Each structure stands twice: as structure tokens, then as C-alpha cells.
Amino acid sequence: MTRFSLRQLEMLAELPRHSTLGSAAAALSISESALSQAISAVEKIAGEQLCVRRKSRGVWMTPAGQDFATRAARIVADAVELANSFPRAGGSLRGPVAVGCFASFASHVVPSMLEGFRALHPEVEVAVHVGTHDDLLPALENGELDMALVYDLFLPTGFSKRTIYETQLEVVLHPAHPLAARESIELAELEAEPLVNYESSPSTENTRKLFSEAGLHPRVAYSLPQVVLVNAMVGRGLGYGLLMSRPNNPPHTLDGLPVAIRKLRPPNSPSAVVAIWPRVSDLGPRASALLEHCISAMEDAWAPL
């Protein structure tokens with residue numbers, strides 16, 4: 001494999017801008033003899049002449065040298081961009097960060113997480129990917145995501161995690177439902193009621209486990225893949241929902257119909273929304289900054305709307 005050092009590429013990229021070796025050497029902050037030796041070394045590796053050097057006539061690039069210098073300039077520019085993607089001496093951050101978020105709470109978390117983050121880190125580019133555990137966990141393992149915000153339910157080993165907020169199951173009812181008059185509801189009282197089930201991993205498995213451990217059998221009327229659809233069905237009086245408590249959660253559907261959100265008695269399926277990333281990897285500075293901002297934003301996100 002042909003090997004050029006980045007410094008050698010930088011020197012050859014600089015040459016076309018100058019008519020003499022002395023001028024190029026001064027721009028590169030090296031001696032003229034050191035530059036001449038570097039050119040000779042690169043030409044030896046390349047296997048052909050890249051520039052013509054004449055004491056009385058200066059220096060000029062051969063056609064091969066012009067092509068080499070153009071390619072070298074692109075590599076040097078990419079290397080500079082790569083270096084700038086990491087924390088600088090002044091502590092500022094620059095570059096991409098990719099975060100995944102579980103679909104059911106994404107609309108309740110992502111806007112708060114991103115609000116104000118750009119003002120703190122204007123050169124960090126955040127990409128958000130929304131999905132279920134089935135989508136997000138493989139993306140983490142493949143290196144497509146820096147971290148993912150998910151429920152701390154049925155997670156495989158091999159992930160580091162940090163709690164974003166605590167959560168537990170709640171009952172979502174039509175306001176006219178007789179049980180809506182209660183502050184809290186027992187699971188047994190819901191067994192005969194039509195359940196609008198949120199069908200998504202790990203939520204489906206968690207609901208099944210909840211009823212099974214209580215020796216109950218839910219009456220599943222509908223299974224839907226989106227929380228907004230579950231709420232919309234409940235708002236039309238077509239059943240009840242069992243959903244995890246979420247911040248920034250107004251008591252109405254997307255189309256403006258009211259719903260009643262009640263506690264499940266006793267508290268069931270206590271869990272948490274956590275940020276996870278592979279244990280074999282360190283959470284980079286950009287992702288760490290976003291995580292800290294998210295945790296701070298979620299602390300004030302539970303006020304009634």
C-alpha cells in the first residue's frame with residue numbers, strides 16, 4: 001500500500017500556489033532544503049516526477065503533479081474537517097451526533113431535548129431517528145446511532161444506560177366512562193373492558209406480562225402501532241388504553257377530543273426512559289452534551305399543560 005504522510009500531502013498541496021521553493025517553504029514554515037527533500041521522497045513513492053525545480057526558473061508542477069496536488073488538497077481539507085469535529089481547545093463542539101428515540105414518546109421528548117441545544121452548541125448537527133426497540137437496538141450495535149432513548153424494559157445486556165425520567169403505566173379513558181370518575185383504577189376492573197392495545201416492542205410484551213402475572217385476560221378490541229391512534233380511539237369512546245406516563249402530555253387527542261388519564265392501582269410496571277449506548281464504546285462529547293441537555297429539559301417537563 002502506498003503511504004504518504006499528511007504533512008507530505010500538505011506540502012504538495014501548497015506547491016501550486018507558489019513560483020519558487022523559497023516562497024512555498026516560507027508558507028509551510030520549513031526550510032527550502034527540507035521541502036526539497038520532502039518533494040523527492042513523495043516522488044519516489046509516487047514513482048514519477050511531480051514538479052520541476054530550477055534555481056534560476058523557480059518551480060512548476062508537471063501534469064501528474066497538478067493532479068496529485070489537487071487530490072492532496074482534498075485529503076488535507078477532509079483531515080482538517082475531521083479534526084474540527086472534536087472538542088477544541090476552547091471547549092466548543094462541532095460535528096454530527098445521531099440519536100434514536102422510541103416512537104411512543106418521541107413527540108413528548110425530542111422537541112424539549114432540542115430546544116435551546118443549538119444556542120449552546122451551534123456547530124453540532126443533530127440527527128434524530130424514531131422507531132421501536134426492534135429498530136433502534138440494531139442501529140446502536142451497528143454504529144449508526146451514538147445513543148438511543150428507550151424504555152428500560154426487556155433490554156439485552158451489553159448497553160450502558162443513564163436515566164432520563166421515571167415512568168409507569170397509566171389508564172387512558174373516555175371522560176364519560178364510569179371509571180373515569182375515579183382517581184385510580186385496579187387492573188381487574190379493566191379486564192372486561194375493550195382494550196385499545198399499543199402494538200409495539202417492548203410495550204406489547206409488557207402489557208401481556210402485566211395481565212398474565214395478575215391472572216387476568218385482557219379483552220383486546222384493537223391493536224394499533226401508534227400512540228396517537230390509541231388516544232384517538234379512546235377519545236371516540238372505542239375502548240381504553242394502557243400507556244406509560246409521559247412528560248408534556250396534554251389530556252386530549254390529536255384532533256382535540258378530551259381523554260381522562262388515571263393512575264393504575266397499585267402502581268404497575270414501574271420503569272424509566274433511559275439513554276443507552278454500547279458498553280464497548282464511550283459516549284462521545286457531542287452525544288454527552290446532548291444527553292445532559294435532555295436530562296435537564298425533562299426535569300421541568302412534567303408540569304400540567
Side-chain angles (χ1 to χ4, degrees), residues 101-115 128 130-132 149-151 153 164-211 214 216-273 294 297-305:
C101 189
F102 192 69
S104 72
F105 58 75
S107 62
H108 302 268
V109 171
V110 171
S112 294
M113 175 179 68
L114 297 183
E115 184 180 18
V128 178
V130 175
T132 67
L149 310 183
V150 296
Y151 284 121
L153 294 169
I164 305 295
Y165 62 82
E166 305 289 338
T167 183
Q168 62 187 32
L169 275 176
E170 295 178 323
V171 185
V172 185
L173 297 160
H174 189 279
H177 193 288
L179 291 176
R182 311 264 194 89
E183 290 186 3
S184 61
I185 301 164
E186 293 185 6
L187 192 64
E189 297 177 281
L190 298 168
E191 184 179 26
E193 299 290 332
L195 170 63
V196 184
N197 189 46
Y198 175 46
E199 186 72 31
S200 179
S201 175
S203 299
T204 304
E205 294 90 335
N206 188 54
T207 299
R208 289 172 182 163
K209 179 173 179 287
L210 177 68
F211 277 95
L216 302 172
H217 301 279
R219 180 187 160 201
V220 178
Y222 306 94
S223 289
L224 300 170
Q226 295 181 351
V227 166
V228 291
L229 285 176
V230 172
N231 277 331
M233 296 286 279
V234 173
R236 299 286 176 175
L238 299 175
Y240 73 96
L242 285 174
L243 299 173
M244 287 291 188
S245 58
R246 288 159 287 159
N248 305 311
N249 189 26
H252 57 72
T253 67
L254 195 62
D255 52 354
L257 296 176
V259 293
I261 301 173
R262 299 293 182 261
K263 294 179 181 179
L264 198 56
R265 187 177 70 248
N268 278 282
S269 297
S271 183
V273 165
C294 179
M298 289 300 99
E299 288 177 354
D300 299 323
W302 292 90
L305 299 179

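Predicted model only: the values in this text are computed from it and were never measured.
At most 12 heavy atoms of other shown residues, nucleotides or ligands fall within 6.0 angstrom of atom CG in Leu254. The 12-atom threshold is not exceeded at CD of Glu115, counting heavy atoms of other residues, nucleotides or ligands nearer than 6.0 Å.
Residues meeting the side-chain hydrogen bond (donor to acceptor under 3.5 Å, both in side chains) test with His177, sequence neighbours left out: Glu193. In terms of the side-chain hydrogen bond (donor to acceptor under 3.5 Å, both in side chains) criterion, Arg208 has no residue partners (sequence neighbours excluded).
For the atom pair CG (Leu210) and CG (Leu169), the distance works out to 6.0 Å, reported to the nearest 0.5 Å. Once rounded to the nearest 0.5 Å, the distance linking CD1 of Ile185 with CG of Leu242 reads 9.5 Å. Summarising the geometry, atom CG belonging to Asn231 is positioned 7.0 Å from atom CG belonging to Asn249; distances are rounded to the nearest 0.5 Å. With rounding to the nearest 0.5 angstrom, the CG atom of Leu179 is 10.5 Å from the CD atom of Glu186. The distance from atom OG of Ser184 to atom CD of Glu189, rounded to the nearest 0.5 Å, is 8.5 Å. In this structure, the separation between CG on Leu153 and OG on Ser203 is 7.5 Å, given to the nearest 0.5 Å.
A donor-acceptor pair under 3.5 Å is absent between the side-chain atoms of Arg265 and the main chain of Lys263, judged by distance alone. A donor-acceptor distance shorter than 3.5 angstrom exists from the side chain of Arg262 to the backbone of Ala180, with no hydrogens or angles considered. Judged by distance alone, with hydrogens and angles left aside, the side-chain atoms of Asn248 form a donor-acceptor pair with the main-chain N or O of His108 at under 3.5 Å. Between the side chain of Glu191 and the main chain of His217, a donor-acceptor pair closer than 3.5 Å is present.
The minimum heavy-atom distance linking Gly241 with Val234 is given by the pair N-CG2, 3.7 Å. Between Pro218 and Leu195, the closest heavy-atom pair is CB-CD2, 4.1 Å. Here the closest heavy-atom approach between residue Glu205 and residue Ser200 is recorded as OE1-O, 4.0 Å. Looking at every heavy atom in both residues, Tyr240 comes nearest to Leu190 through OH-O, 3.4 Å. Summarising the geometry of Pro175 relative to Pro258, their closest heavy-atom pair is CD-O, 3.3 Å, with the distance given to 0.1 Å. Considering all non-hydrogen atoms of both residues, Cys101 and Val110 come closest at SG-CG2, 3.9 Å.
Residues Ser245 and Thr167 bring a donor and an acceptor atom of their side chains to less than 3.5 Å of each other.
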message: Go through it in stages, so that I can follow the logic: the residues are Leu257 and Arg236, the test is side-chain contact (heavy atoms from CB on, under 4.5 Å), and I'd like the CA-CA distance, side-chain angles, deciding distance and then a yes or no.
response: CA-CA 8 Å; Leu257 296 176; Arg236 299 286 176 175; 3.4 Å; yes
- request: Would you sort out whether Val171 and Ile261 count as a side-chain contact (heavy atoms from CB on, under 4.5 Å), showing the intermediate values?
  value: CA-CA 6 Å; Val171 185; Ile261 301 173; over 6 Å; no
Derivation and outcome, side-chain contact (heavy atoms from CB on, under 4.5 Å), residues Val259 and His174: CA-CA 5 Å; Val259 293; His174 189 279; over 6 Å; no
message: side-chain contact (heavy atoms from CB on, under 4.5 Å), that's the test. Do Ser104 and Leu243 meet it? Break it down for me.
response: CA-CA 9 Å; Ser104 72; Leu243 299 173; over 6 Å; no
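Within the 4.5 Å cutoff, the side chain of Met113 has heavy atoms near those of the Leu149 side chain. In this structure the side chain of Val273 never reaches within 4.5 angstrom of the side chain of Val109, judged on heavy atoms. Met244 places a side-chain heavy atom less than 4.5 Å from the side chain of Tyr151.
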For residues 220-228, tabulate all N or O donor-acceptor pairs below 3.5 Å that involve a side-chain atom, not counting sequence neighbours.
none

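Screening Thr132, Leu229, Thr204 against Glu199 for a side chain to side chain contact (heavy atoms under 4.5 Å, CB included) leaves a single residue, Thr204.
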